[in-house]
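I have placed the structure first, in the form of structure tokens, so that the comments after it can refer back to it.
Quantities reported herein were computed from a predicted structural model and do not represent experimental measurements. In each ligand, atom 1 is the first atom listed, and ligand 1 is the first ligand listed.
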Amino acid sequence: MVGRAMELAAATRSAFLGNGVESCLSPKACRSSFRTPTTTTTPGQIVMTSNFEKTNPYADELKKTAAFISAPGKGILASDESNATTGKRLATVGLDNTVENRQAWRELLYSAPGLGNYISGTIMFDETLFQSSRAGVPFVDILKEQGILPGIKVDTGLQPIDGTDGETATQGLDGLAERCQRYYKQGARFAKWRAVLKVDNEVLPSSTAILENAHGLARYAQICQANGLVPIVEPEVTLGEGDYSIERTAYISEKVNSHVFRLLNEYNVILEGILLKPNMILPGLDVPTPAPEEVARYTVRTMFRSVPGAVPGIHFLSGGMSEEEATLNLQALQAYGPTPWSLTFSYGRALQSSTLKMWAGQEENWQAAQERLVALAKANSDAQLGKYKGPHPSPGGQRILQALRLGGAGK
Ligand code: 13P
């Protein structure tokens with residue numbers, strides 16, 4: 001089915017682009033020819049660039065940043081949990097939610113030797129972006145040394161949408177431009193905004209929630225690009241309770257992505273200067289965990305049906321998958337390559353869970369925990385390149401559903 005979707009995508013591209021574009025049917029050639037901005041026009045020629053892009057002093061930088069982050073074999077470490085969520089994670093290993101414990105935990109992650117071989121960017125929370133190691137070295141400098149770009153979560157959380165069945169709208173547009181400027185000055189080069197859409201067998205998500213969240217993501221993305229930050233656009237169809245099928249998640253995710261890209265287009269967001277962070281396509285939690293090949297088939301088909309080829313990278317969230325499941329599913333996606341976008345990772349729980357357990361706040365475990373993090377990052381880097389062989393560095397196959405079971409939004 002995916003083969004058919006790929007043929008359709010190629011045919012659509014060909015029909016749209018007209019004659020003489022055969023070279024564009026090769027994704028690699030397509031990337032190089034269409035990512036280069038047109039700077040000269042002749043009379044009568046269709047102008048391919050929006051005013052927003054033409055007048056944006058950051059346009060080229062945004063494209064370079066996005067390409068750097070989504071380079072082959074590279075992914076993102078998501079470490080942007082709010083202080084409250086970090087507290088819940090620290091509590092699982094008996095640590096208090098103090099500024100010192102949060103600082104030590106993030107220092108352990110960012111200073112892990114060799115992390116930059118596999119990780120190109122890390123998403124941080126406001127407190128962390130301005131924090132230093134216990135020896136006084138700013139985290140942004142530690143990351144720079146590793147070749148890892150700092151990113152920043154800029155949404156301010158979720159609020160219920162009145163009249164819906166517990167659906168939410170992501171907040172944070174007020175004052176966003178000023179915050180982006182402050183973050184850019186501090187060294188951040190990309191940002192994240194997470195929209196959450198719940199799915200069930202019949203009515204969720206509502207069209208109200210889909211439209212509201214697509215609008216929020218598009219306006220956020222435009223403001224980030226106007227201020228030099230590559231926006232990670234994250235429309236997460238959450239892995240939730242219930243027996244809804246994998247087909248249902250595929251259908252909903254395609255609809256959600258399509259609305260998001262419709263709105264990104266409305267706001268003239270520069271597609272080569274964004275990164276998409278979607279969910280992999282999984283059924284509800286009451287359905288047995290599908291094989292990686294099945295997840296990959298539905299996931300790649302959904303991306304082909306709803307994500308423009310101009311987007312450089314699709315960085316999947318781990319969303320509650322076990323550490324090993326996240327790696328195996330990522331590897332299975334690569335069987336459908338080459339694709340116009342890199343299919344890679346932006347994992348939080350799937351990189352941090354067993355690392356945190358291994359550390360548990362004990363100085364003598366510091367090195368072993370850092371080695372665990374780097375081994376997990378390498379496994380996912382190998383999977384992104386389609387060459388992961390195992391055994392997996394994580395100990396068990398448990399899904400990491402703590403945040404979901406607590407009823408929280410997870411971030
Ligand atoms: P998980 O990989 O734990 O889902 O977190 C990624 C993330 O940043 C979700 O917003």
Could you tell me how the ring of His392 sits relative to the ring of Tyr388: parallel (under 30°), tilted (30 to 60°) or perpendicular (over 60°)? perpendicular
[X] N/O to ligand 1 N/O under 3.5 Å:
X: Tyr347; answer: no
X: Gly348; answer: yes
X: Ala350; answer: no

When you measure from the side chain of Arg194 to the backbone N and O of Pro235, does any donor-acceptor pair fall under 3.5 Å? no
Would you find a donor on one side and an acceptor on the other, under 3.5 Å apart, between the side chain of Asn365 and the backbone of Trp359? yes
Does Lys192 reach ligand 1, in the sense of a heavy atom lying below 4.0 Å from it? yes
Strictly under 4.0 Å, does any heavy atom of Ser346 approach an atom of ligand 1? yes
Is it the case that the side chains of Ser133 and Arg106 hold a donor-acceptor pair, with the cut-off being a distance below 3.5 Å and no angle test? no
We want to know whether Asn201 and Asp243 form a side-chain donor-acceptor pair, criterion being a heavy-atom distance below 3.5 angstrom. yes
Which option, Glu236, Met321, Glu234, owns the non-hydrogen atom nearest atom 9 (C) of ligand 1? Glu234
Nearest-option assignment for atom 6 (C) of ligand 1, heavy atoms, candidates Lys277, His315, Arg349, Glu81: Lys277
Using a 4.0 Å heavy-atom cut-off, which part of Ser318 comes near ligand 1: side chain, backbone, both, or neither? both
Record the part of Asp80 in heavy-atom contact with ligand 1 below 4.0 Å; permitted values are side chain, backbone, both and neither. side chain
Considering only NZ, NE, NH1 and NH2 on the basic side and carboxylate oxygens on the acidic side, decide whether Glu234 and Lys153 come within less than 4.0 Å. no
Between the side chains of Arg305 and Glu254, is the shortest nitrogen-to-carboxylate-oxygen separation below 4.0 Å, so that they form an ion pair? yes
Which of the numbered atoms in ligand 1 are under 4.0 angstrom from any heavy atom belonging to Gly319? 1 (P), 2 (O), 4 (O)
